[in-house]
Amino acid sequence: MVPHKATPHFLTFAAVFVALAVPSLAFGRAMVGVTLGLAFLAILFAVPIKQIVSEMTGRMSRPFVLLLGVVAVASAVNIPFSLRIGLSFEAWARTWLLLGLISFVCFSLKDRLELIFKVMAVAFLCVVALNLYQLHVDHKLNKLLLNGLLLLLPIVVYQSVKDRTPLWVGVGVASVVLYILAVLDSQSKVSLLGMAIMMSAGIALFSLSRFSKKQAILIAVAVVAVLVAILAWWLPGQLYSSSTENMSMTPVPVWLIDFHRQLIWTFGFELFQESPWVGFGLNASNYHPLANQSVTEYFAGRFGSLSGFENITALPSHPHNWLVEMLIDGGLIATLPVVMLVTYVVVASVRCYLTTQSACLLAFIMVQLTYWGTGLFNFSFWSTWWQATYFLASFLMLSGYVRSQEG
């Protein structure tokens, strides 16, 4: 450890880099690893590691630890049967390493969360404004940045509500407004869906904790109705050409789910049936021989004449759905424990929030529902930057809850 006088400086350095990790996606996904790596190194020199780990593990409930252990073992069962054993082991080990390191970093900095939230809020505002500028001037869309910032929205709103000064309320309002403009201008359906999930969950849970059950249900129904109406009005005008050209053949309306995703998921479920228990290996299912067939070749005779899919493979790098991806990568043995763990975390958090009315827990729940909800339509579950963003947003708010309970 560094001399006692230098410890605060090292922790402040780490806090700033943690706050900048996700906004740094504006400069490339590798920056997330660089910023978090620098923060971790600074913390290693400044805190008693064994004490922090002991405190952190001591706060974990037995059911959570048990489920976490089951998931760790169950998600490794597929590795010996993987199409790419090395790739699957790397995905498995990296996920657990990220989980451990980021939880350690956030818990170590729980006394500097105010600094983290303020720096993060300012950085959020700056990069979303930059993204809007690039979209209008250079016509460039940073999809990674938009989705990464989505998971930080509850933290930015939490900071503005917690502080309540004109400056931070202004930063929060400006951030939300600019983010919505960026999503609408970029026509990012997944980001819009994420905001709808986030708003619905946040308003519903807040209402349940403050009003009678009947009033809360009425408020929640009204909010959901408005959001559904907005989506139903906006989505039909955002169709891809491959969807409009094949509209008559789709089992689900293409304005709701584009035709390409429907084809990928159909292929994924059919591939899952070939190895339903252990799958084809974490992050390795796209190496299956059938995955390299073109969509028109694989689905020949089933959808008539498919237009616009001649040069598109049946399964791209991933299925654009974490549940389908887990099923074909790890089979039922890996998927069921993950679903159980996610369900337990959300249900336990909701129960705790309704008892404590903790704003940190509310933000944590919003992050969970948004991540797992949008994950049904977008990035690979094994994307390092996406996992890191999720773990960071989650453990920052959990650390905030722990800090509030300590008084």
Side-chain angles (χ1 to χ4, degrees), residues 7-8 11-12 14-16 18-19 21-22 39 43 46-48 51-65 68 99-100 102-124 151-165 167-169 171-172 175-176 198-199 201-211 216 344-371 389-407:
T7 297
L11 292 178
T12 298
V16 170
V18 164
V22 178
I43 289 170
V47 301
Q51 181 181 334
I52 295 294
V53 172
S54 176
E55 291 179 9
M56 186 170 65
T57 54
R59 292 185 175 276
M60 296 180 184
S61 67
R62 285 192 66 184
F64 175 75
V65 173
L68 203 63
L99 175 66
I102 292 177
S103 60
F104 172 77
V105 165
C106 293
F107 197 82
S108 299
L109 295 173
K110 68 180 189 294
D111 292 331
R112 279 171 171 69
L113 288 175
E114 185 175 356
L115 173 63
I116 292 175
F117 294 156
K118 287 182 176 179
V119 174
M120 186 178 283
V122 172
F124 183 106
L151 296 185
L152 297 192
L153 262 181
I155 299 178
V156 173
V157 172
Y158 168 79
Q159 168 56 32
S160 64
V161 172
K162 172 179 164 291
D163 200 281
R164 295 184 184 179
T165 61
L167 172 62
W168 292 110
V169 170
V171 169
S175 296
V176 172
M198 192 177 292
M199 290 175 63
I203 292 173
L205 288 172
F206 181 82
S207 300
L208 275 173
S209 68
R210 297 298 195 280
F211 307 113
Y344 171 79
V345 168
V346 172
V347 171
S349 300
V350 169
R351 286 177 176 171
C352 189
Y353 168 72
L354 294 177
T355 302
T356 63
Q357 298 184 354
S358 166
C360 287
L361 268 185
L362 179 59
F364 172 79
I365 296 165
M366 291 165 72
V367 169
Q368 304 311 302
L369 295 178
T370 303
Y371 174 79
T389 301
Y390 165 64
F391 290 148
L392 185 64
S394 298
F395 284 110
L396 282 175
M397 298 320 300
L398 273 183
S399 298
Y401 171 69
V402 170
R403 186 75 180 88
S404 67
Q405 296 302 297
E406 291 176 346

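Small disclaimer: the values here were computed from a predicted structure and weren't measured. Only this structure's heavy atoms are used, side chains among them; waters, hydrogens and symmetry mates stay out.
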Side chain to side chain donor-acceptor pair (under 3.5 Å) filter on S54, not counting sequence neighbours, yields none

Is the closest side-chain heavy-atom distance between S394 and F391 below 4.5 Å?
no

For S349, the side-chain contact (heavy atoms from CB on, under 4.5 Å) test, sequence neighbours excluded, returns V345, F364, I365

Rounded to the nearest 0.5 angstrom, the CD-OG distance for Q51 and S108 is 10.0 Å

Between T389 and the options I102, V22, V367, the side-chain contact (heavy atoms from CB on, under 4.5 Å) test singles out V22

So CG of L113 and CD of Q159: to nearest 0.5 Å the spacing works out to 10.5 Å

All heavy atoms of A363 vs all of M397, minimum pair found to be CB-CE, 3.7 Å

What one should report as the nearest heavy-atom pair of S160 and V157 is OG-O, 2.8 Å

With sequence neighbours left out, the residues meeting side chain to side chain donor-acceptor pair (under 3.5 Å) with Y353 are S209

Please evaluate residues I43 and I52 with respect to the criterion side chain to side chain contact (heavy atoms under 4.5 Å, CB included), reporting the C-alpha separation (whole Å), side-chain torsions for both, the decisive distance (0.1 Å), and the verdict. CA-CA 11 Å; I43 289 170; I52 295 294; over 6 Å; no

Evaluate the side-chain proximity of L11 to V47: yes if any heavy-atom separation is below 4.5 Å, no if none is.
yes

**Study point:** Validation row: L99, F395 side chains within 4.5 angstrom (heavy atoms)
**Key:** yes

Intermediate values then yes/no, salt bridge (Lys or Arg N to Asp or Glu O under 4.0 Å), E55 and R59: CA-CA 7 Å; E55 291 179 9; R59 292 185 175 276; over 6 Å; no

Sequence neighbours excluded, the answer for side-chain contact (heavy atoms from CB on, under 4.5 Å) partners of A21 is T35, L36, L392

Quick one, C360 and Y158 - any side-chain contact, counting heavy atoms below 4.5 Å? yes

Legend entry - Any S399 side-chain heavy atom under 4.5 Å of R112 side chain: no

Heavy-atom nearest pair, A393 first then L152, reads CB-CD2, 4.4 Å

Sorted by chain and number, sequence neighbours left out, side-chain contact (heavy atoms from CB on, under 4.5 Å) with T165 holds for D163, L167, W168

Worksheet item: Do the side chains of M198 and L369 get nearer than 4.5 Å, heavy atoms only?
Response: no

Contacts of R351 meeting salt bridge (Lys or Arg N to Asp or Glu O under 4.0 Å) (sequence neighbours excluded), chain-then-number -> none

- Residues, nucleotides or ligands: over 12 heavy atoms within 6.0 Å of Q357 CD: yes

All heavy atoms of M366 vs all of P154, minimum pair found to be CB-CG, 4.1 Å

For T356, the side chain to side chain donor-acceptor pair (under 3.5 Å) test, sequence neighbours excluded, returns none

Between A121 and V171 the two heavy atoms that sit nearest each other are O-CG1, 3.9 Å

Closest heavy-atom pair, L354 versus L205, reported as atoms and distance to 0.1 Å, is CD2-O, 4.2 Å

So CE of M120 and OG of S175: to nearest 0.5 Å the spacing works out to 12.0 Å

With sequence neighbours left out, the residues meeting ring-ring contact (aromatic ring centres under 6.0 Å, His included) with F206 are none

Taken to the nearest 0.5 Å, the spacing of F107 CZ from L398 CG works out to 10.5 Å

Side chain to side chain donor-acceptor pair (under 3.5 Å) filter on Y371, not counting sequence neighbours, yields none

Those residues at least two apart in sequence (or on a different chain) that pass side-chain contact (heavy atoms from CB on, under 4.5 Å) with A216 are S207, L208

To the nearest 0.5 Å, atom CG of L109 lies from atom CZ of R403 at 12.5 Å

